[in-house]
Asker: 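Just passing along the structure, written as structure tokens.
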Amino acid sequence: MTRAFLVVLDSVGIGGAPDADTFFNDGVPDTGANTLGHIAEACASGRADAAGRSGPLKLPNLDALGLGAALELASGAPVTGLGAIPTGLWGAATEVSRGKDTPSGHWEIAGLPVPWDWTYFPKTEPAFPDRVTEALIAAAGTGGILGNKHASGTVILDELGAEHIATGWPIVYTSADSVLQIAAHEESFGLERLYELCEAVAPMLHEMRVGRVIARPFLGSPGEGFTRTTNRKDFALAPPGPTLLDWAQDAGRSVNAVGKIDDIFAHRGMDNGIHGADADLMEALIGWGEGAEEGSLTFANLVEFDAKYGHRRDVAGYAAHLEWFDAQLPRFLASLREGDLAIFTADHGNDPTWTGTDHTRERVPVLGWGVGARGIGQVAFADLGASVAAHLGLPERGAGKSFL
Ligand SMILES: O=P(O)(O)O[C@H]1O[C@H](CO)[C@@H](O)[C@H]1O
Ligand SMILES: [Mn+2]
Ligand SMILES: [Mn+2]
């Protein structure tokens, strides 16, 4: 038996989604969005010399696996600085689920395309129907809520943080994703109280097919400003059927979740989970590389590409984080054993050069280590789950087919 490691670099899309014209950011279609391609272009032309980095995008290790080749395959054009001859398995995957959000991407990667349309809140003020607002007020025990609109999670803290401290009312907002997010101060409102509020309203939202209620705790003061902490917690609708994690666990394998994987899969089909900053998660991943059991699945999500840089439209920060990951990669690969399979992919795009602050519909890279140099061409998201299942010798394969 051998082991499998599935690593999602959250939002690291490579352009070329055939249905990008039906997804939008502030009313502008996602046609042409290309997270990695546009970052590489910005770096090559000197427009990303900040965040402690400068010059062309340097991703020698990911590129050696086939990142540049995958990008060219997905979007039809090469990008300066990438495009080494691949030494790994490489290809591009296309999503069929109707959402460009994290659960849709992950469930489909794990073999289960989303069979429904999610509920999104309108870009109006108020954004939430009265019965949702009333339920929030009742559960919070406050005189009202703040926000009640579409917003960027950091911008809304600058706008409403002080009022939150003064009134004690939670800040509730949404985005182009199927989410209801609740921001509250960890100390003045209370972290546990915030979690309890989210938990109380989540069943109602899930029934409406809203994918997630997300607790967004923060610290700080009106004078010093407010900063979100890493204590974010997602209360996600459970996948509507078994996924790769369940197939593995049902076959008696151990399943290790790293990062927000546990929340995305509603804590189903896994033996353990760990949260933290991407740097901590990288160490956890290396720890599993050194110590995970034979036959096990380790499924990781590194979210900072998306949360700290993509949504913030921070090109230099995104480039620096890619370069950081690339520099860590050899240590992780060195922790793996003969016979292991490691796959690096993404769940959607979040082009930091694009309009708006939401995800972008894109194809994603599929890079494999441990199975030799091989181009697999264009595949489906669900083929990732099927391939990992095939590698692990699991009986279930889900909606995809193995490319191994
Ligand atoms: O602006 P923030 O709060 O980071 O929100 C982002 O994070 C949410 C969940 O990942 C997305 O729906 C997106 O809107
Ligand atoms: Mn995501
Ligand atoms: Mn996101």
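Given the structure is predicted, the values throughout are model-derived calculations rather than measurements. Both counts, for ligands and for their atoms, begin at 1 and track the order of listing.
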Asker: Taking the Mn ion (ligand 3) as the reference point, name the nearest N/O/S atom of D306.
Answerer: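 That would be atom OD2.
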Asker: Can a non-hydrogen atom of A307 be found less than 4.0 Å from any atom of ligand 1?
Answerer: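 For ligand 1, residue contact (heavy atoms, under 4.0 Å) with A307 is absent.
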Asker: Would you call K308 a ligand 1 contact, heavy-atom distance under 4.0 Å?
Answerer: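 Under 4.0 Å: no for K308.
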Asker: With salt bridge (charged side-chain N to carboxylate O under 4.0 Å, His left out) as the test, would you mind laying out the steps for D246 and R268 before giving the verdict?
Answerer: CA-CA 7 Å; D246 304 299; R268 206 179 71 204; 3.0 Å; yes
Asker: Which angle, to 10 degrees, forms at the Mn ion (ligand 2) with OD2 of D347 on one side and OD2 of D10 on the other?
Answerer: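 Seen from the Mn ion (ligand 2), OD2 and OD2 are separated by roughly 80°.
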Asker: Just need the protein heavy atom nearest to atom 10 (O) of ligand 1, so name the residue and atom and give the distance.
Answerer: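 Checking every protein heavy atom, the shortest distance to atom 10 (O) of ligand 1 gives R232 NH2, 3.3 Å.
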Asker: Strictly under 2.8 Å, is any N, O or S atom of H348 next to the Mn ion (ligand 3)?
Answerer: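 Checking the Mn ion (ligand 3) against H348, no N, O or S atom falls under 2.8 Å.
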Asker: Counting both backbone and side chain atoms, is some N or O of G153 under 3.5 Å from an N or O of ligand 1?
Answerer: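 N/O-N/O distance under 3.5 Å: yes.
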Asker: Using a 3.5 Å distance criterion without hydrogens, assess whether the side chain of N25 forms a donor-acceptor pair with backbone atoms of D358.
Answerer: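 Yes; at least one donor-acceptor contact below 3.5 Å.
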Asker: Suppose we call two aromatic rings close when their centres sit under 6.0 Å apart. Are F218 and H185 close by that rule?
Answerer: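 For F218 and H185, the ring centres are under 6.0 Å apart.
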Asker: Just to confirm my output: which protein heavy-atom neighbour is closest to atom 7 (O) of ligand 1, and how far is it?
Answerer: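 Nearest neighbour among protein heavy atoms for atom 7 (O) of ligand 1, to 0.1 Å: R216 NH2, 2.9 Å.
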Asker: Could you find the nearest protein heavy atom to atom 12 (O) of ligand 1 and give me its residue, atom name and distance?
Answerer: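 That would be D177 OD2, 2.7 Å.
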Asker: Please determine whether T102 has a backbone or side-chain N, O or S atom lying under 2.8 Å from the Mn ion (ligand 2).
Answerer: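 Yes, within the cut-off.
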Asker: Non-hydrogen atoms of H359 versus ligand 1: any pair closer than 4.0 Å?
Answerer: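 Under 4.0 Å: no for H359.
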Asker: Should the pair R193 and F189 be classed as cation-pi, given the thresholds of under 6.0 Å to the six-membered ring centre and 45° from the axis?
Answerer: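 Yes; both conditions hold, so R193 lies above the ring face of F189.
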Asker: May I ask which of H311, R228, Q181 has a heavy atom nearer to atom 4 (O) of ligand 1 than the others do?
Answerer: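 It is R228 whose heavy atom sits nearest to atom 4 (O) of ligand 1.
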Asker: Within 45° of the ring axis of W116 and under 6.0 Å from its six-membered ring centre, is that where the NZ or CZ of R209 lies?
Answerer: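 Satisfied, under 6.0 Å and within 45°.
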Asker: Taking distance alone, with N or O pairs closer than 3.5 Å, would you say R312 contacts ligand 1?
Answerer: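 There is such a contact, yes.
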Asker: Give yes or no for whether the N/O distance cutoff of 3.5 Å, strictly under, is met between S175 and ligand 1.
Answerer: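 By distance alone, the answer is yes.
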Asker: Anything under 30° is parallel, anything over 60° is perpendicular, the rest tilted; go ahead and classify Y318 against F305.
Answerer: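 If you compare the ring of Y318 with that of F305, the planes turn out tilted.
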Asker: Rounded at 0.5 Å granularity, tell me how far CG in D262 sits from CD1 in I274.
Answerer: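 D262 CG to I274 CD1: 10.0 Å, rounded to 0.5 Å.
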Asker: May I ask you to list the atoms of ligand 1 that are less than 4.0 angstrom from any heavy atom of R212?
Answerer: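 It comes down to these atoms of ligand 1: 9 (C), 10 (O).
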Asker: Could you tell me which atoms of ligand 1, counted from 1 in the order shown, lie closer than 4.0 angstrom to a heavy atom of I214?
Answerer: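 It comes down to these atoms of ligand 1: 9 (C).
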Asker: Which of the atoms of ligand 1 are close to S152, meaning less than 4.0 Å from one of its heavy atoms?
Answerer: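 Those qualifying, in numeric order: 1 (O).
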Asker: Answer yes or no on whether K100 is positioned over the face of F23, meaning its NZ or CZ is under 6.0 Å from the six-membered ring centre and within 45° of the axis.
Answerer: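 No, cation not above the ring by the 6.0 Å, 45° rule.
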Asker: With no hydrogens and no angle check, do the side chains of E108 and S97 hold a donor and an acceptor under 3.5 Å apart?
Answerer: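 Per modelled atom types, E108 and S97 side chains form a pair under 3.5 Å.
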Asker: At a threshold of 2.8 Å, where the distance has to be below it, does the Mn ion (ligand 3) have an N, O or S atom of D358 nearby?
Answerer: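 No - counting backbone and side chain alike, D358 has no N, O or S atom under 2.8 Å.
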Asker: Quick one: do F299 and F5 satisfy ring pair (Phe, Tyr, Trp, His ring centres under 6.0 Å)? Show the steps, please.
Answerer: CA-CA 6 Å; F299 196 171; F5 297 81; over 10 Å; no
Asker: For the atom pair OH (Y120) and OG1 (T174), what is the distance rounded to the nearest 0.5 Å?
Answerer: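 Y120 OH to T174 OG1: 10.5 Å, rounded to 0.5 Å.
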Asker: Going by the angle between their ring planes, with limits at 30° and 60°, are H348 and H359 parallel, tilted or perpendicular?
Answerer: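 Parallel: the ring planes of H348 and H359 meet at under 30°.
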Asker: Look only at interatomic distance and state if T102 has a nitrogen or oxygen under 3.5 Å from any nitrogen or oxygen of ligand 1.
Answerer: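 In this structure, T102 places no N or O atom under 3.5 Å from an N or O of ligand 1.
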Asker: May I ask you to list the atoms of ligand 1 that are less than 4.0 angstrom from any heavy atom of Y173?
Answerer: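 Close to Y173: 3 (O).
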Asker: Is a donor from one side chain sitting under 3.5 angstrom from an acceptor on the other, for N256 and T298?
Answerer: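 T298 and N256 do have a side-chain donor-acceptor pair below 3.5 Å.
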Asker: So, of the N/O/S atoms that H359 has, which is the nearest one to the Mn ion (ligand 3)?
Answerer: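 The nearest such atom is NE2.
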Asker: Restricting to N, O or S atoms, which atom of H311 is closest to the Mn ion (ligand 3)?
Answerer: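 Going by distance to the Mn ion (ligand 3), the closest N, O or S atom in H311 is NE2.
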